[in-house]
Amino acid sequence: MELSKNYLPGEVELKWYKHWVNSGYFHSTPNDKKAYTVVIPPPNVTGVLHMGHCLNNTIQDILVRRARMQGFNPCWVPGTDHASIATEAKVVAMLRERGITKSSLTRDEFLGYAWEWKEKYGGIILQQLRKMGCSLDWERTSFTMDADYYESVIKVFVDLYKKGKIYRGKRMINWDVRAKTALSDEEVIHKEVAGKIYHLRYKLDLPGEEYITIATVRPETILGDSAICVHPKDDRYKKLVGKFAFVPLINRRIPIIADDYVEIEFGTGALKVTPAHDMNDFVLGQKYNLEIIDTMNDDGTLSEAAGLYIGQDRIEVRKIITKDLEAAGNLVKIEDYTHQVGFSERTDAIVEPRLSLQWWVDMKKLAAPALEAVMSDEISFHPAKFKNLYRHWMEGIKDWCISRQLWWGHRIPAWYDEEGNFYVAHNEAEVNANHPETKGKKLIQDADCLDTWFSSWLWPFEVFKGLSNPNNAEVNYYYPTSTLVTAPEIIFFWVARMIMAGEEYMGKIPFKDVYFTGIVRDKQGRKMSKSLGNSPDLLGLIDQYGADAVRFGIMIASPAGNDLLFDESTLEQGRNFNNKLWNATKLLKMWEARQNKEGAIPEDAQFAMDWFEAKLTTTQNEVDEMLKTFRLSEALKTIYGLIWDDFCSWYLEWIKPGFEQPMHQGVYEKTVEFYDALLQLLHPFMPFITEEIHHTLKTQTEDLCVKLYTPTSKVNSEVLNAGALLQNVISTLRDARNKNQIKPKDAIELHIQTSNNAPYQTIQNILAKQINAATIQYTSSAIGASIVVALEKDKFYIVANQAIDTASLKENLLKDLAHQQGFLISVGKKLDNEKFVQNAKPEVLAIEQKKKADALARIQTIEESLAQLG
RNA sequence: GGGGGCAUAGCUCAGUUGGUUUAGAGCAUCUGCCUUACAAGCAGAGGGUCCGCGGUUCGAACCCGUGUGCCCCCA
């Protein structure tokens, strides 16, 4: 079979993915092997594959494939998240295109459209993961709104409510006026905004025309003021505390109070308190039992309670009220002022603090064991630096607002009667059963849904029906899972909460290791986002470079624990690496056809084989260690170097027969064996090409995908040293050739002056081939008219058909000499220091003494060479 | 405002309990080669005040303090 000039990934990838799935390699069922379980961080059902997914899922696939080849029973569970806000937004947009408004539909009608959308467009991302080669168990695809899953979410709500860990409370929440929904703090994006600060004077309830001036960035909220607050130590206002003032325009009488929350230096030092429309003012209001006047409707327009501007949007009102205040003589001045304003992550509307009845989870009770699990390293974070962040957050944890004013999601299982009583239960029948007084009464279920994270925190066990079918064989086998791979930005949204849910419902932590990936940024270091348009088209890249190259490119640029600066050039590097592998295959296929079975294996080939065997084993052990500690990028770099440099550039060249000469069968077979071992090592990172070449090399009895790693043998370090010496000599002599402008085609004669010929004799055939030497001889004295090179204690004389540039030779030797002498001085300083000799460990002392001896020997060699040059 | 992190070659990063030859790799750069696997390649080279300052130590890229500059999270 003729192999193509370059590697062509397209068909190969399709072919093998299909084969792997059809062979059932990715499907797992409990057996007597040890489980290695990974649950995918479920992408939004609306999602399309982006660079973040690519990184995240490549890492998971590497871990899972490696586990498979190590003899574990790996189970990687795919699935999607119903993503209530994002999906509802998509469905609303789809309906708008069809000329339907959400408000014209009943809840059931809307959900009908939503499911229709989900079935049609949802989960595209799962198809895309296949293109990347992800070895997911597709027979286990889960969705956070599957029937069983849905029931479990409800079960958890009811259970936590019964345990007193869920409560209903009027609290300040972030309100998205456009989506008319509550947002969690994490869904609010704070941005610096250039605004104005308004100084307004309030008439005091005292005889005469006296005023107090406050500063505010939100003049439209004065209609909801219930107090003015000053600092108790502020001399300007001390006499006013306990007195009253009138809110401008509406003349409501409000008290002047004192609290050290107020900053004396800020603004005028007097703060208007509007408990219904500011988080901090709300706290003050609670403390001083102030009236709460909610002046805003859920769409951001002013309410009846405002008294003025009813029905107009708060942003418009700001302009109008400013004019009216000015006309009324209450506006003192306006200054420019830059401050932080919260925007909705989803709709970009300015978020309004608003009082609302919401459902909350009391987090303090859940957080304690989850904090302990990470602090005690029962769960290990990689990199460990995230432990600090986690601790800080968990120690200051706030209650979790879990209700969302949406229809797509898990509906809150609470029912209200007409008197305003409410009952939490799994369903209405249960309410009637538990509360006989409700029978016959009209009950209405809470209209709101639960926060999406309230379902995803059950993911690691509910994908195995750990809650809907407790103690089933699967959850007992697969849970706790092994490793969670996720982005650091959802450490609180998701990771922390999964730990809590795991402890609460399974009585066990949900995973042993958490690997936090970096954030994918563009070349300029900007986070990739839709709005910036700096996100490349991943499927296009896969088409262009192949999935293996994309996986390579993204992994080689992903230092453990750091962000990844995505640059397409690493994909090119990946493609080139594919091609390198392909060409090595072509070389081996050529040798396969030219085998010679006669005679013994040549001595130099035997040396090369022994050396590579040792090198391979050493590297396999290194890679093993790196993967154990999640240094994936480093592991890939190591494998890349082993294949490109050690195998292709050194080993294959060392065993390469002369022009059109045969290759000894023993050497050929060993080399195929080596190559296969390399492919196996690389397979988790680049699954497609490795599988393809594995089968191209020879007829195989099993696929690489499921081929078990064999334990490594002991390393012969002596042969490793001999190989390193050979490489060093070759490089040094090639450098000398280059510097003296000896053309690659021109053969040289080499004379070696050494006190010990033996190490050179074993490698001399390889050496001759590698530096294009016609002859290699040993000498005990200097060779005239030659290029002299000093290496360690030995000297090399190159005789070439070429004029010798003594000046540049001398220059090189002098440079080397200066370096060695400088080194000698630094070593000498240490050894001459009595305190060093007294305090240093004996082995350190020995090393320093050896350094000194080596430096002296090298200096002598160089000086002798210089002397010979005259 | 509170908290966390980072700073080593042009770029991206290694550098494990302080001593492993006056710091390593990949990419990029430069020089020479179209050498029968590979120019998507081969061979070789150059390139660093380990952010500044101070301290601990016989010895600091590494430990401590401080300054500067970047990044992230929360308010």
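Within every chain, numbering begins at 1; the chains are lettered A, B, ... in the order of the sequence lines, protein sequences first and strands thereafter. What's counted below: heavy atoms across the whole structure, side chains too, no hydrogens, waters or symmetry copies.
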Of the nucleotides [options], which has the atom closest to the [X] side chain?
X        : options                : answer
A:Phe492 : B:rU12, B:rC38, B:rC73 : B:rC73
A:Lys385 : B:rG5, B:rC71, B:rG44  : B:rG5
A:Tyr640 : B:rA43, B:rC27, B:rG19 : B:rC27
A:Lys637 : B:rC13, B:rA45, B:rG19 : B:rC13
A:Pro744 : B:rG26, B:rC42, B:rC33 : B:rC33
A:Asn388 : B:rG4, B:rG44, B:rG19  : B:rG4
A:Leu652 : B:rG41, B:rG5, B:rA37  : B:rA37
A:Asn6   : B:rG26, B:rG19, B:rA40 : B:rA40

On the nucleotide [N], are OP1 or OP2 found under 4.0 Å from the side-chain N or O atoms that [X] carries?
X        : N      : answer
A:Trp393 : B:rG2  : no
A:Tyr390 : B:rG3  : no
A:Asn738 : B:rU31 : no
A:Lys656 : B:rA37 : yes
A:Ser649 : B:rA43 : yes
A:Lys851 : B:rU20 : yes
A:Lys586 : B:rG41 : no
A:Asn576 : B:rG41 : yes
A:Ser731 : B:rG44 : yes

Sort out the partner of [N] for me: Watson-Crick or G-U wobble, both distances under 3.5 Å, none otherwise.
N      : value
B:rG52 : B:rU66
B:rC11 : B:rG26
B:rG41 : B:rC33
B:rU17 : none
B:rG46 : none
B:rG1  : B:rC74

Let me know the distance between [atom1] of [X] and [atom2] of [N], rounded to the nearest Å.
X        : N      : atom1 : atom2 : result
A:Lys739 : B:rG46 : NZ    : C1'   : 10 Å
A:Ile771 : B:rA43 : CD1   : C1'   : 13 Å
A:Glu489 : B:rG4  : CD    : P     : 20 Å
A:Ile847 : B:rG19 : CD1   : P     : 10 Å
A:Trp582 : B:rA39 : CH2   : C1'   : 20 Å
A:Arg734 : B:rC33 : CZ    : C1'   : 12 Å
A:Phe577 : B:rA37 : CZ    : P     : 20 Å
A:Arg575 : B:rC38 : CZ    : C1'   : 13 Å

Please say whether more than 12 non-hydrogen atoms of neighbouring residues, nucleotides or ligands are located less than 6.0 Å from CG in A:Asn801.
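It does not: A:Asn801 CG has 12 such atoms or fewer within range.
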Mark yes or no for a side-chain to base donor-acceptor pair under 3.5 Å between A:Glu653 and B:rA43, with no hydrogen or angle criteria applied.
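Result: no qualifying N/O pair found.
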Using a heavy-atom cut-off of 4.0 Å across all strands, would you classify A:Arg521 as base, sugar-phosphate, or nothing?
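Sugar-phosphate contact only.
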With rounding to the closest Å, how many angstrom separate the [atom1] atoms on [N] and [M]?
N      : M      : atom1 : answer
B:rG48 : B:rG3  : P     : 40 Å
B:rG32 : B:rG46 : C1'   : 15 Å
B:rG69 : B:rU31 : P     : 40 Å
B:rA43 : B:rC62 : P     : 37 Å
B:rC27 : B:rA40 : P     : 15 Å
B:rC33 : B:rU20 : C1'   : 37 Å
B:rG26 : B:rC34 : C1'   : 26 Å
B:rG55 : B:rG5  : P     : 26 Å

Do the two ring centres, one from A:Phe685 and one from A:Phe552, sit under 6.0 Å apart?
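A:Phe685 vs A:Phe552: aromatic centres not under 6.0 Å.
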Quick check, are the ring centers of A:Trp453 and A:Phe493 under 6.0 angstrom apart?
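Yes: the rings meet the under 6.0 Å criterion.
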Below 4.5 Å, heavy atoms only, C-beta onward: do A:Leu55 and A:Phe566 meet side chain to side chain?
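No - every pair of side-chain heavy atoms lies 4.5 Å or more apart.
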Do the non-hydrogen side-chain atoms of A:Leu642 and A:Phe612 ever get within less than 4.5 Å of each other?
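Of all side-chain heavy-atom pairs linking A:Phe612 with A:Leu642, at least one is under 4.5 Å.
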Between A:Glu660 and A:Lys5, who's closer to the 5' end of RNA chain B by nearest nucleotide?
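So the residue in question is A:Glu660.
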Between A:Cys648 and A:Leu824, name the one whose nearest nucleotide on RNA chain B is closer to the 5' end.
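Of the two residues, A:Leu824 wins.
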Does any donor atom in the side chain of [X] or [Y] lie under 3.5 Å from an acceptor atom in the other side chain?
X        : Y        : result
A:Lys830 : A:Asn833 : no
A:Thr216 : A:Arg218 : no
A:Tyr545 : A:Glu568 : yes

Mutual orientation of the aromatic rings belonging to A:Phe674 and A:Tyr651 [parallel < 30°, tilted 30-60°, perpendicular > 60°]
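If you compare the ring of A:Phe674 with that of A:Tyr651, the planes turn out perpendicular.
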